[in-house]
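Note that this is a predicted model, so its numbers are computed, not measured.
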Amino acid sequence: MTKKTDPATAIQNLKHFGEFGGVNPSITDSATFTFMTEDEMIRAFHGEAEGCFLYSRHWNPSNKYLAEALAAMEGTESAWVTASGMAAITTTLLQLCNTGDHIITSITTYGGTFAFLNNYLKKFNIEVTFVNITDIESIKRAIRPNTKVLYTESMTNPMLQISDIPELAKITKEDGISLVVDNTFTPMIVSPHLLGADIVVYSMTKFINGKNDCVAGAICASEEFINAISDVNTGTAMLLGPVLDPLRSSSILKNLGTLHIRMQKHSENALYLAKRFEEMGLRFVYPGMPSHAQYGLFNRIMNEGFGYGGMIAIDLDTAEKAAPIMELMQVRGVGYHAVSLGYFKTLFSNSGKSTSSEVPEEIQKEMGLSPGLIRFSVGLDHDIENTFQVIKSCLVDLG
Ligand code: PLP
């Protein structure tokens with residue numbers, strides 16, 4: 001049985017007040033904090049002082065408010081906020097793995113994640129096996145005695161496959177492996193921890209913040225793990241220092257309050273486009289359509305009320321066909337020819353040439369990534385039929 005939850009109400013129920021009764025928590029933009037006694041400072045450095053802050057690379061009140069809201073959304077005991085999504089991913093993996101350990105990962109992940117796993121971890125002698133995350137048997141076969149982590153994205157970038165988190169959790173629990181899930185594409189829609197994942201990571205740069213005005217990330221996990229990453233002697237977050245600026249934390253917290261409504265609208269618009277693309281006979285990928293291979297699975301694991309997400313891809317076969325169409329779509333006002341996602345304007349790019357360009361071409365081929373795949377992050381367009389008509393006009397005029 002999979003559990004369904006209501007992350008929007010979990011956030012709505014929080015009662016966070018400012019210092020003077022403000023409806024938003026006060027912003028604490030101090031790097032350091034005073035102590036009344038030397039004894040208290042010493043105890044703080046040993047992790048023994050309750051409720052006090054010592055230095056903002058470790059913890060900051062504004063970061064704590066945002067982290068608490070994210071933990072409430074995910075149903076985890078705790079959370080920590082980072083300066084980027086990559087910081088959340090790399091901090092988590094470097095905390096979990098030592099030299100000589102082994103990671104199994106979905107071959108389709110964000111290009112930066114792929115590059116970290118494929119190129120960067122070599123310097124620590126951490127081995128990585130890339131699998132098709134929808135092939136459960138291949139994952140079982142890949143497990144070794146030194147496997148520490150199974151890594152995936154709830155909805156993979158850019159192939160938009162859905163990971164069977166409950167099934168993956170069964171496998172990892174048997175072998176004491178940590179299941180780490182990047183939920184960047186599907187906040188609110190999927191609750192990976194409640195489905196069995198140990199750690200949930202985010203690029204908050206995308207849907208969670210939704211304003212494209214900063215990069216930020218988050219790690220949602222047990223209190224034990226968050227304490228471990230922020231330990232002054234051995235914590236990866238404390239020692240590598242990828243902390244989020246508290247001014248940003250406070251602005252992201254305010255945007256989190258509207259996330260559920262934005263996700264509903266992104267999803268409604270993307271589903272509308274998917275239906276219109278199907279009528280046109282266009283080749284597309286959208287996990288909210290019955291034609292998608294994991295449609296049934298997605299319905300089983302998703303929370304109700306937020307739709308199937310704002311990500312959709314069309315396949316134009318070649319990069320040469322995709323390029324002029326993307327340029328024309330920008331000129332005619334479909335949105336912006338830009339990477340990233342979760343913005344109120346529609347964003348689109350050729351995945352193989354942009355956000356997955358770190359993945360060598362032969363591996364792109366192996367994972368089924370078409371060189372003509374245009375990934376759309378569908379915006380909050382008020383008139384989505386008009387957006388569809390403009391996309392169609394570009395395809396017809398240059399088709
Ligand atoms: N995870 C996913 C699924 C992404 O798409 C991205 C960025 O595009 C990241 C992580 C990295 O996040 P950031 O750019 O905030 O470091």
Verify the cluster assignment for Val190 and Val201: are they in a single hydrophobic cluster under the rule of side-chain heavy atoms below 4.5 Å apart? no
Hey, what do you get for CE (Met367) to OG1 (Thr109), rounding to the nearest 0.5 Å? 7.5 Å
I need the minimum non-hydrogen distance between Gly368 and Met159, along with the two atoms involved. O-CE, 3.2 Å
Would Thr37 and Asp39 count as having a side-chain donor-acceptor pair, cut-off 3.5 Å? no
Mind checking ring pair (Phe, Tyr, Trp, His ring centres under 6.0 Å) for Tyr202 and listing every partner two or more places apart, or none if nothing turns up? none
Step by step, work out the side-chain contact (heavy atoms from CB on, under 4.5 Å) result for Phe33 and Leu54. CA-CA 5 Å; Phe33 298 84; Leu54 48 97; 5.8 Å; no
Hey, quick one: are Leu96 and Leu179 part of the same hydrophobic cluster, counting side-chain heavy atoms closer than 4.5 Å, chains of contacts allowed? no
In terms of side-chain geometry, is the basic nitrogen of Lys170 or Glu167 positioned less than 4.0 Å from the acidic oxygen of its partner? yes
For Lys265 and Phe344, indicate whether the former's side chain and the latter's backbone hold a donor-acceptor pair under 3.5 Å. no
Calculate, to the nearest 0.5 Å, the distance between atoms CE and NE2 belonging to Met188 and His266 respectively. 12.0 Å
So OG of Ser78 and CD of Glu224: to nearest 0.5 Å the spacing works out to 11.5 Å
So, Asn255 and Arg262: side-chain donor and acceptor under 3.5 Å apart, yes or no? no
Identify the two heavy atoms, one from Asn209 and one from Cys214, that lie closest to each other, and give their separation to 0.1 Å. ND2-SG, 3.6 Å
Could you check Ser356 against Leu369 for side-chain contact (heavy atoms from CB on, under 4.5 Å), going step by step and ending with a plain yes or no? CA-CA 9 Å; Ser356 292; Leu369 174 55; 4.0 Å; yes
Go through Asn303 and Ser191 one step at a time and tell me if the side-chain hydrogen bond (donor to acceptor under 3.5 Å, both in side chains) criterion holds. CA-CA 7 Å; Asn303 295 318; Ser191 297; 2.8 Å; yes
Trace of the salt bridge (charged side-chain N to carboxylate O under 4.0 Å, His left out) decision for Arg276 with Glu279: CA-CA 5 Å; Arg276 299 294 264 139; Glu279 283 164 16; 2.6 Å; yes
From the list Leu117, Val149, Asn118, Asn119, side chain to side chain contact (heavy atoms under 4.5 Å, CB included) with Val128 holds only for Leu117
Is the side chain of Ser62 donor-acceptor paired with the backbone N or O of Thr28 at a distance under 3.5 Å, no angle test? yes
Could you check if a side-chain atom of Ile219 sits within less than 4.5 angstrom of a side-chain atom of Gln95, using non-hydrogen atoms only? no
Heavy-atom count around Lys173 NZ within 6.0 Å, excluding the residue itself: above 12? yes
Using a distance-only test with no angle check, is there a side-chain donor-acceptor pair under 3.5 angstrom linking Ser249 and Asn63? yes
Can Ser138 and Asn132 be counted as having a side-chain donor-acceptor contact under 3.5 angstrom? no
Check Gly75 against His193 and note the closest heavy-atom contact, atom names and distance. O-CD2, 3.1 Å
Side-chain donor or acceptor of Lys365 paired with backbone N/O of Glu361 under 3.5 Å: no
Assess whether atom OH of Tyr55 is packed by more than 12 heavy atoms of other residues, nucleotides or ligands within 6.0 Å. no
Would you give the length of the straight line joining atom CG of Leu395 to atom CG of Asp397, rounded to the nearest 0.5 angstrom? 9.5 Å
Out of curiosity, does Val243 fall in the hydrophobic cluster containing Phe225 (side-chain heavy atoms, cut-off under 4.5 Å, transitive links)? yes
side-chain contact (heavy atoms from CB on, under 4.5 Å) evaluation trace for Thr184 with Tyr110: CA-CA 10 Å; Thr184 298; Tyr110 161 61; over 6 Å; no
Glu74 side chain vs Cys220 backbone, donor-acceptor pair below 3.5 Å: no
Co-membership, hydrophobic cluster, residues Leu273 and Tyr308, 4.5 Å side-chain: yes
Taking Gly309's backbone N and O only, do any of them form a donor-acceptor pair with Ser267's side chain (distance below 3.5 Å, no angle check)? yes
Would you check if there is a donor-acceptor pair between the side chains of Tyr272 and Glu385 at a distance under 3.5 Å? yes
Just so I know, are the side chains of Phe376 and Met329 near enough to count as touching, which here means a heavy-atom distance under 4.5 Å? yes
Rounding to 0.5 Å, atoms OG1 (Thr82) and CG (Leu240) come to a distance of 12.0 Å
Side chains of His260 and Gln12: any donor to acceptor distance under 3.5 Å? no
Distance col, row Arg283:CZ vs Ser291:OG, nearest 0.5 angstrom, shows 13.0 Å
Honestly curious: do Leu253 and Met73 fall in one hydrophobic cluster under the side-chain, below-4.5 Å linking rule? yes
Using a 4.5 Å cut-off on heavy atoms from C-beta on, say whether the side chain of Met204 contacts that of Leu70. yes
Whether Glu358 side chain and Ala115 backbone form a donor-acceptor pair below 3.5 Å: no
Would you say that Leu150 contacts Ile171 through its side chain, given a criterion of any heavy-atom pair below 4.5 Å between the two side chains? no
Angle class for the Phe277/Phe388 ring planes (parallel below 30°, perpendicular above 60°, tilted otherwise)? tilted
Inspect the surroundings of OH in Tyr336 and state if more than 12 heavy atoms from other residues, nucleotides or ligands are less than 6.0 Å away. no
Please confirm whether the backbone N or O of Tyr286 pairs with a side-chain atom of His292, one donor and one acceptor, at under 3.5 Å? no
Report yes if the side chains of Ser178 and Tyr151 come closer than 4.5 Å at any heavy-atom pair, otherwise no. no
Tell me, do Ile136 and Leu168 make a side-chain contact under 4.5 Å, heavy atoms counted? yes
Mark yes or no for whether Asn269, through its side chain, and Asp381, through its backbone, hold a donor-acceptor pair below 3.5 Å. yes
Would you check if the side chain of Asp29 reaches a backbone N or O of Pro246 as a donor-acceptor pair within less than 3.5 Å? no
Can a donor-acceptor pair be found between the side chains of Thr99 and Asn125 at a distance below 3.5 Å? no
Side-chain contact, heavy-atom cut-off 4.5 Å: Thr387 with Val378? no
Single hit among Thr91, Val232, Ile229 for side chain to side chain contact (heavy atoms under 4.5 Å, CB included) with Met238: Val232
Counting only N and O atoms by type, is there a donor-acceptor contact under 3.5 Å from the side chain of Ser230 to the main-chain atoms of His58? no
Nearest heavy atoms of Gly335 and Phe348, plus distance in Å: C-CE2, 3.7 Å
Residues two or more places apart in sequence or in another chain: which of them pass side chain to side chain contact (heavy atoms under 4.5 Å, CB included) with Tyr120? Phe116, Lys123, Phe124
Within the structure provided, determine whether Gln161 and Glu153 are in side-chain contact (heavy-atom separation under 4.5 Å). no
Trace of the side-chain contact (heavy atoms from CB on, under 4.5 Å) decision for Ser154 with Ile165: CA-CA 7 Å; Ser154 311; Ile165 299 168; 4.1 Å; yes
